[in-house]
Amino acid sequence: MASALPGSLQCRPAVRCRVVPAVSLSTLNPAQQQAVRHVHTPLLVLAGAGSGKTLAITHKLAHLVNSLRYAPESIYAVTFTNKAAREMKARAGKLMGETANALNVSTFHTLGLNFIRHEHKVLQIKSSFTLLDEDDSLAMLRDAANLNQVDKQVLFGLRMLISNWKNALLTPEQALEQASDAEQTLAAKAYAAYQRTQRACHALDFDDLILLPAVCLRNEDHVRNKWQHKVRYLLVDEYQDTNGAQYELVRLLAGDRAAFTVVGDDDQSIYAWRGANPENLNQLKADYPKLEVIKLEQNYRSFGRILKSANTLIANNPHLFEKSLWSQKQFGDPLRVMNCANDDDEAERVVNEIMMRKLRGNLKWRDFAILFRGNHQARLFEKAMIERKVPYKLSGGQSFFGKAEIKDVLAYLRLLVNDEDDAAFLRIVNVPRREIGASTIEKLGAYAQRRHKTLLPASLELGLETELSGRPLNALRQFGELIQRYADFCRKGDAIAAINELLRAVGYEGWLYEQASSPKVAQGRWQNVQELLSWLQRSLSDANEKISFDEAVNKLLLRDMLERSAEDEANADEVQMLTLHAAKGLEYPHVYMVGMEEELLPHRTSIEEGNIEEERRLCYVGITRARETLTFSLCTVRKRFGETVRCEPSRFLSELPADDLKWDNAKTETADEKALVRTDRLAALKALLDD
DNA sequence: GGACGTTATCTTTTT
DNA sequence: GATAACGTCC
């Protein structure tokens, strides 16, 4: 085993020269073995839920390295989420030991990020470019295209159009050409302005991480040759989630050799809203006539009844490819449906039941998962678990990066790394308050635009005095100098110490206490900040990979942090709480799908837009996460922004085989009745007032 | 011109 | 039940 080698011999050539045992494929079924062995023409693996897809991929990685002698660093495996990438790395590691570390396993976005880092000169972008998150990107768009008085919804719509164009690899000019109505024309012009500003600020959004590499590979022969030489074999997981740009990226990386395997399942396509195009599965056949298609149809995960129910549900959707999943496992108990009085009741009953079942069945907390449609649904469950001291893990946690204090500190970090990051500048120029308000910013902006400068450098210029004077001018100048000074400290010395000192100098902790409703809340927020900094600290002092301050900040912006912290707690015994989207690819013995109501699981906006099929697939994904038992829950009444609203059971419940469902209607008590009466009375009152 | 308090409006899912 | 846009006060 490679791990038995002394440290000095662990370099790759040494490992490869040793006789490495060929990886055994005997644990795989025939279809899986075929998928692993097939390397000479492009391969599409249609892998149903729980069909041992990751097992096949990891064995293929091992097979390529150990049996076919591919250099591990020439193999690229791409996934969509950090979680999936981490899982694949870990499982490859179990199979092939240390060698697995040399494999390139990452998300599409991380791959793109690394590409841009390597090729930043060709792309004419600073190596210290910044990444914009959703909010920054919107703010930059608003700013760049002068959409100040535009409604947020409209802005959002424009941003989506732009994103779609980027995903289709269209330039602003091309977008303008094919714009068919007034909105699209406006959007195309906004796109042009947005892109100019991005360039000027050396800022990239998430779409650019795919777009730039794809365009660069397409246009620059020497870059394409270089990368096609680097990438000897390419594996893509969850292929149904790729968008146009990602498809192109795969095509260009694979090149004429077309040494690739893609794995996908059209029934699990749940990212169409993000531009994913499951048709890409079909497109492959057209682009690669030699494409081989292998189906994995045996499910190793779920009891028979769960699988049967999932199949029945998904049969209501049209299919790109026909497949039939089957299981050898026992049939199992009926799926239960808990009919609850209200949302509080739902949370309490689910948590109580988990506690009971854990005790009775001698199970672990981590055997249970609670799955929901929207992140906000987690709150009540969190509350119930805290009250009962049940350990839990809330993942998919956009929440951490969505927190205002984290975004503030990240904005400081970004500005330290890149003084041209206007989005970051705007976020924190007056946080904490330093008497720089809207009109000052407006004047600064006007000045900067005329001089083709970005905001921070502009605030330090003497010419600014013609626009501003007195207190506002001084405040701006002081702020600019402060950032410059600390950016210097960060590069020259101990970055973490410098940041701590900067936060102290601006009085950030005190600001948190000022803003928060209670000291306890502020304390929590400050702790979040500390957590962020300690991650940065760890990242910088990681002995394995030497990393610059700039790079560490960029990693943070890619949410890379979740990867790490999840790794630490992977073995913790906690009830898992996640969104249906985040749950894809994962499995649990006992699953609770909560909030099985119309307008929630087929989500309201999806009903309105007629996107029921994707919601059904989402439901399918949820059901197929369960190994042994599956419980649904729904409420008669639910609080929706203060008001209590009646709920209807999800249509998907009625699409499941009735014989396999067991309804549990034990309502708790009269609280719900009261709430019902109250809503009805309110509705009556409203009707009266309207007349 | 900026800070502070009040009201209206929502809330999908993720890199 | 949080946040952004709005209006009022200093």
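In what follows, chains are A, B, ... by sequence order, proteins preceding strands, each numbered from 1.
Rounded to whole Å, atom P of B/dT11 lies 20 Å from atom CG of A/Leu380. The interatomic distance linking A/Leu580 (CG) with B/dT14 (C1') rounds to 14 Å, in whole Å. What separates CZ of A/Arg86 from C1' of B/dT15 is a distance of 15 Å, to the nearest Å. One interatomic measurement links the two molecules: CG of A/Leu600 to C1' of B/dT13, which rounds to 12 Å at whole-angstrom precision. The nearest whole Å value for the distance from the CG atom in A/Leu371 to the P atom in B/dT13 is 14 Å. Between A/Ile210 atom CD1 and B/dT14 atom C1' there is a gap of 13 Å when expressed in whole angstrom units. Rounded to whole Å, atom P of B/dT11 lies 10 Å from atom NE2 of A/His603. The distance from atom CZ of A/Phe206 to atom C1' of B/dT14 is 8 Å, rounded to the nearest whole Å.
Between A/Asp241 and A/Lys584 a salt bridge is recorded (basic side-chain N to carboxylate O distance below 4.0 Å). Looking at A/Asp422 and A/Arg427, no side-chain N of the basic residue comes within less than 4.0 Å of a carboxylate O on the acidic one, giving no salt bridge. In summary, A/Arg616 and A/Glu655 engage in a salt bridge, as defined by a charged side-chain N under 4.0 Å from a carboxylate O. Under the 4.0 Å criterion applied to side-chain N and carboxylate O atoms, A/Asp205 and A/Lys166 are assigned as salt-bridge partners. For A/Glu465 and A/Arg477, the salt-bridge test passes: some basic side-chain N is under 4.0 Å from an acidic carboxylate O.
A/Phe425 is linked by a ring pair (Phe, Tyr, Trp, His ring centres under 6.0 Å) to A/Phe479, counting only residues two or more places apart in sequence or in another chain.
Side chain of A/Arg640 to main chain of A/Val645: no donor-acceptor pair is present (N/O by atom type, distance under 3.5 Å, no hydrogens or angles). Remark: the backbone N or O of A/Cys635 is paired with a side-chain donor or acceptor of A/Glu597 at under 3.5 angstrom. Using a distance-only test at 3.5 Å, with no hydrogens or angles considered, a donor-acceptor pair links the side chain of A/Glu346 to the main chain of A/Gly595. Side chain of A/Glu648 to backbone of A/Glu598: no donor-acceptor contact under 3.5 angstrom is found.
Rounded to whole Å, the separation between the P atoms of C/dC6 and B/dT11 comes to 16 Å.
The stretch residues 262-269 of chain A has no heavy atom under 4.0 angstrom from DNA chain B at all. Heavy-atom distances under 4.0 Å link DNA chain B to no residue of residues 111-118 of chain A.
Contact annotation: A/Asn375 reaches the phosphate of B/dT14 (side-chain N/O to OP1 or OP2, under 4.0 Å). Distances shorter than 4.0 Å separate none of the side-chain N or O atoms of A/Thr81 from OP1 or OP2 on B/dT15.
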> Using Watson-Crick and G-U wobble pairs whose two distances are both under 3.5 Å, how do you write the pairing of DNA chain C as dot-bracket, with | for links to another strand?
Replying inline: .|||||||||
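The aromatic ring centres of A/Trp227 and A/Phe115 sit less than 6.0 Å apart.
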> After noting the C-alpha distance and the side-chain angles of A/Glu238 and A/Lys53, does the key distance pass the salt bridge (Lys or Arg N to Asp or Glu O under 4.0 Å) rule?
Replying inline: CA-CA 10 Å; A/Glu238 308 282 11; A/Lys53 169 190 74 165; 3.1 Å; yes
> A/Lys639 and A/Asp344: salt bridge (Lys or Arg N to Asp or Glu O under 4.0 Å), yes or no, with the steps?
Replying inline: CA-CA 9 Å; A/Lys639 269 203 294 295; A/Asp344 286 310; 3.3 Å; yes
>> Could you walk me through whether A/Asp207 and A/Ser163 satisfy the side-chain hydrogen bond (donor to acceptor under 3.5 Å, both in side chains) test, starting with their C-alpha distance in whole Å, then the side-chain angles of each, then the deciding distance to 0.1 Å, before giving a yes or no?
In response: CA-CA 7 Å; A/Asp207 297 328; A/Ser163 183; 2.8 Å; yes
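Using a 4.0 Å heavy-atom distance criterion, A/Phe108 is classed as making no nucleic acid contact. Across all strands shown, A/Thr605 has heavy atoms under 4.0 Å from base atoms, whether or not it also approaches the sugar-phosphate.
Remark: A/Phe108 CZ to A/Leu113 CG distance equals 14.5 Å, nearest 0.5 Å. We find the CZ-CG distance between A/Arg379 and A/Leu394 to be 10.5 Å, quoted to the nearest 0.5 Å.
Here the shortest heavy-atom pairing between A/Arg414 and A/Leu132 reads NH2-CD2, 4.0 Å.
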Give every pair of a protein N or O atom and an N or O atom of nucleotides 1-8 of chain C that lie under 3.5 Å apart, one pair per line with the distance.
residue	atom	partner	partner atom	Å
C/dG1	O6	A/Phe641	O	3.2

Check the interface with nucleotides 1-5 of chain B: list each N/O to N/O pair with the protein under 3.5 Å, or write none.
residue	atom	partner	partner atom	Å
B/dG1	OP1	A/Lys443	NZ	2.8
B/dG1	O5'	A/Ser439	OG	3.4
B/dG2	OP1	A/Gly437	N	3.3
B/dG2	OP1	A/Thr440	OG1	2.2
B/dG2	OP2	A/Ser439	OG	2.8
B/dA3	OP1	A/Glu435	N	3.3
B/dA3	OP2	A/Asn430	ND2	3.4
B/dC4	OP2	A/Arg433	NH1	3.1

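Ring stacking is absent between A/Tyr271 and B/dT13, as the pair misses the limits of under 5.5 Å between centres and under 30 degrees between planes.
Nearest to the side chain of A/Thr107, among B/dT15, B/dT11, B/dT13, sits B/dT15.
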